[in-house]
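Only one structure is covered here, and it is reproduced in the block below.
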Amino acid sequence: MTNAQSDTQAPASFITVDGLTKRFGDTVALNDVDLRLDKGETLAIIGPSAAGKSVLMKCIVGIYGADSGSIILNGDDVSKPNAEARPEWASQIGMLFQQNALFDSLTVWENICFRQIEAGTMSRDDAKAHAIDLLGHVGLAEESAVLKPNDLSGGMQKRVGIARAISSDPALLLLDNPTAGLDPVLSNHIELMIAKIAKQRGTTVISITNDMQIARHRYQNLMMMHDGKVYWSGPTSAIDDAHNEHLTQMLNGSAQGPISMRAGKRNDGVYA
Amino acid sequence: MSENAKLPPLPTGTVTGRAVTWAKKNLFDGWFNTLLTIGSIAFLAWLIPPIIEWAIINATLEPSIEACSEVTGACWGFVNANLRLILFGTYPYDEQWRPLLAMIILIGIICASLGGVKYPSVRKWIIPMWVIGVPVIAFLMWGGFLGLTYVQNSYWGGLPLTLILSSIGIVFAFPFGLLLALGRQSNMPALKTLSVVYIEVIRGVPLITVLFMASVMFPLFLPDGVTIDKLLRAQIGIIMFTAAYLAEVFRGGLQAVPRGQFEAGESLALPYWKSMRLIILPQALRLVIPPTVNSFISMFKDTTLVVIIGLFDFLGTVKLALRSDPAWTKYYVEGYAFAAAIFFLICFSMAKYSAYLEKELRKGERR
């Protein structure tokens with residue numbers, strides 16, 4: 001999904017997903033998914049619920065092994081279980097989970113620098129200082145470092161989750177619904193913050209969102225998923241009003257249940 | 001509505017006045033509560049005075065059968081006269097300071113460990129305390145060198161035996177139960193099946209059966225000349241039994257930890273044991289404190305069943321004392337009341353500690 005100019009010749013993209021398929025029993029969660037991003041590019045994934053967005057993310061981070069296809073991250077195929085190389089791959093990825101998944105028996109700063117403390121790459125004092133620095137980046141006060149996650153509000157927890165995701169300065173940032181459950185003002189603020197962080201650090205960002213406007217205006221690329229397949233993908237600059245209307249309809253189809261989704265024009269090939 | 005809308009009356013100045021207000025609000029609030037209050041007072045008035053009369057006013061502490069036959073109340077003289085037999089069983093009379101000291105050390109270590117978990121300065125001493133304390137207790141109980149005569153463990157009995165069986169039982173059943181719970185959740189079919197079969201079989205039979213098997217059947221399978229100590233067999237039986245119950249308690253806790261927590265651990269490529277120790281278990285175990293302590297309390301009381309394989313635990317020694325002299329036999333109510341009081345004291349302490357621990361750990365709880 002590189003920009004049109006470089007599309008013809010893209011020798012070494014940062015992440016390439018090719019023909020990825022993942023089944024859970026009889027359910028096909030991902031069906032022949034392709035994806036291609038260069039370093040520093042941003043991608044928004046949208047789609048109705050149960051489209052396979054989170055599963056794709058969890059395959060990339062290595063929580064699920066792929067049934068077929070490949071995920072090439074920085075030259076390594078990370079789609080197959082590999083206990084030896086996993087820590088090395090995982091260290092390149094920072095992930096924000098939908099429910100934040102903060103570890104509630106640890107303090108905020110221990111959460112943020114969990115990886116560094118566990119790997120022994122930072123002393124506890126350094127880790128705390130680093131965490132406090134990151135708290136500043138995500139707009140939280142230094143005092144919150146010593147609190148437990150459950151002493152914080154939902155929006156603050158989300159910020160701590162983002163701080164944790166970026167704490168090891170990952171090359172790839174995966175965000176599962178970073179603004180879910182937040183009010184529009186706060187959503188906008190968080191999205192701006194993510195864009196700023198990504199730009200500053202040259203991070204490649206893949207983010208799941210349900211907001212077509214945010215996807216269009218804050219991300220360079222967009223991928224629409226439906227029923228485990230890629231329904232549409234391309235640079236957001238290529239989305240005109242007709243595209244927008246169609247994609248928004250697809251997205252909102254989720255509200256009318258699975259039957260209307262299947263009735264949607266998904267195999268017409270117009271935008272594919 | 002207009003009645004409710006009024007502000008409550010301010011408490012009147014005098015103590016009596018406030019008591020009347022309180023009683024009206026809490027005891028005589030409506031006909032049903034008034035009826036309950038009067039009923040309860042009548043029941044207590046009927047129950048309490050005779051008990052006090054029997055247990056205190058008309059009772060005697062004098063350790064003689066003559067004194068007991070003269071009073072109409074409780075004969076605490078039975079407990080008084082047989083206290084050392086009840087507390088220490090058949091342990092040699094002149095050496096009974098040893099189990100007493102061992103018991104005091106054991107209780108001391110347990111209290112220090114439970115109370116000190118909160119304080120880092122005490123916490124680092126917990127493991128050394130046990131590492132030194134347990135051999136000291138074993139040396140005191142067995143003896144055999146440094147001038148202490150050897151006492152076979154078939155002579156051990158009473159409260160020290162009950163405390164040893166249950167505390168060692170808890171210390172070993174806890175990790176074993178945890179492994180079983182993790183085994184039952186494992187992706188490895190063999191491990192999973194083994195855990196499920198173990199848990200279901202052990203849960204499916206009464207403790208008496210397990211103890212009886214351990215005591216009578218098990219030695220039959222051992223080659224000639226190999227014997228495993230009876231006390232050890234009972235201890236293993238108790239550990240195996242309790243672990244099966246604890247395993248299910250822990251499994252409940254593991255299931256209550258949100259999926260995202262497991263996934264967050266995996267996304268960091270944490271190895272299984274690390275992710276369990278650092279992320280999952282602290283949450284899972286905190287959630288299951290009440291049922292875990294429930295299992296411990298029930299196990300503590302179940303240690304009394306070792307009497308069927310010929311070990312005299314605390315309840316067993318009370319029975320032993322009742323039989324020691326036919327003249328004492330009729331004072332069984334006093335004997336059992338004494339045993340019940342001690343059991344209640346220990347079980348109630350466990351329950352209170354569990355409540356304290358929950359409160360301490362609630363700070364990090366999910367809202």
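In what follows, chains are A, B, ... by sequence order, proteins preceding strands, each numbered from 1. As the structure is a computational prediction, the values presented were derived from the model and not from experiment.
Enclosure of atom NZ in A:Lys39 by more than 12 non-hydrogen atoms of other residues, nucleotides or ligands within 6.0 angstrom is indicated. Few gaps surround CD on B:Glu200; more than 12 heavy atoms of other groups in view lie less than 6.0 Å from it. Open room surrounds CZ on B:Phe348; 12 or fewer heavy atoms of other groups in view lie less than 6.0 Å from it. By the neighbour-count criterion of 12 heavy atoms within 6.0 Å, atom CZ of A:Arg23 is sparsely surrounded, having that number or fewer from other residues, nucleotides or ligands. More than 12 non-hydrogen atoms from other residues, nucleotides or ligands lie less than 6.0 angstrom from CZ of B:Phe176.
Side chains of A:Asp104 and B:Arg286 form a contact here, defined as non-hydrogen atoms less than 4.5 Å apart. Looking at B:Ser267 and A:Phe97, their side chains come closer than 4.5 Å, going by heavy atoms from C-beta outward. Residues B:Glu263 and A:Tyr64 meet the side-chain proximity criterion, which asks for heavy atoms closer than 4.5 Å. Counting heavy atoms from C-beta outward, B:Leu270 and A:Phe114 have side chains that approach closer than 4.5 Å.
Distance CG/B:Leu268 to CZ/A:Arg164: 6.5 Å, rounded to 0.5 Å.
Both the backbone and the side chain of A:Glu118 have a heavy atom closer than 4.5 Å to some heavy atom of chain B. Within the 4.5 angstrom heavy-atom criterion, no atom of A:Ile93 approaches chain B.
A side-chain donor-acceptor contact under 3.5 Å links B:Gln261 to the backbone of A:Leu102.
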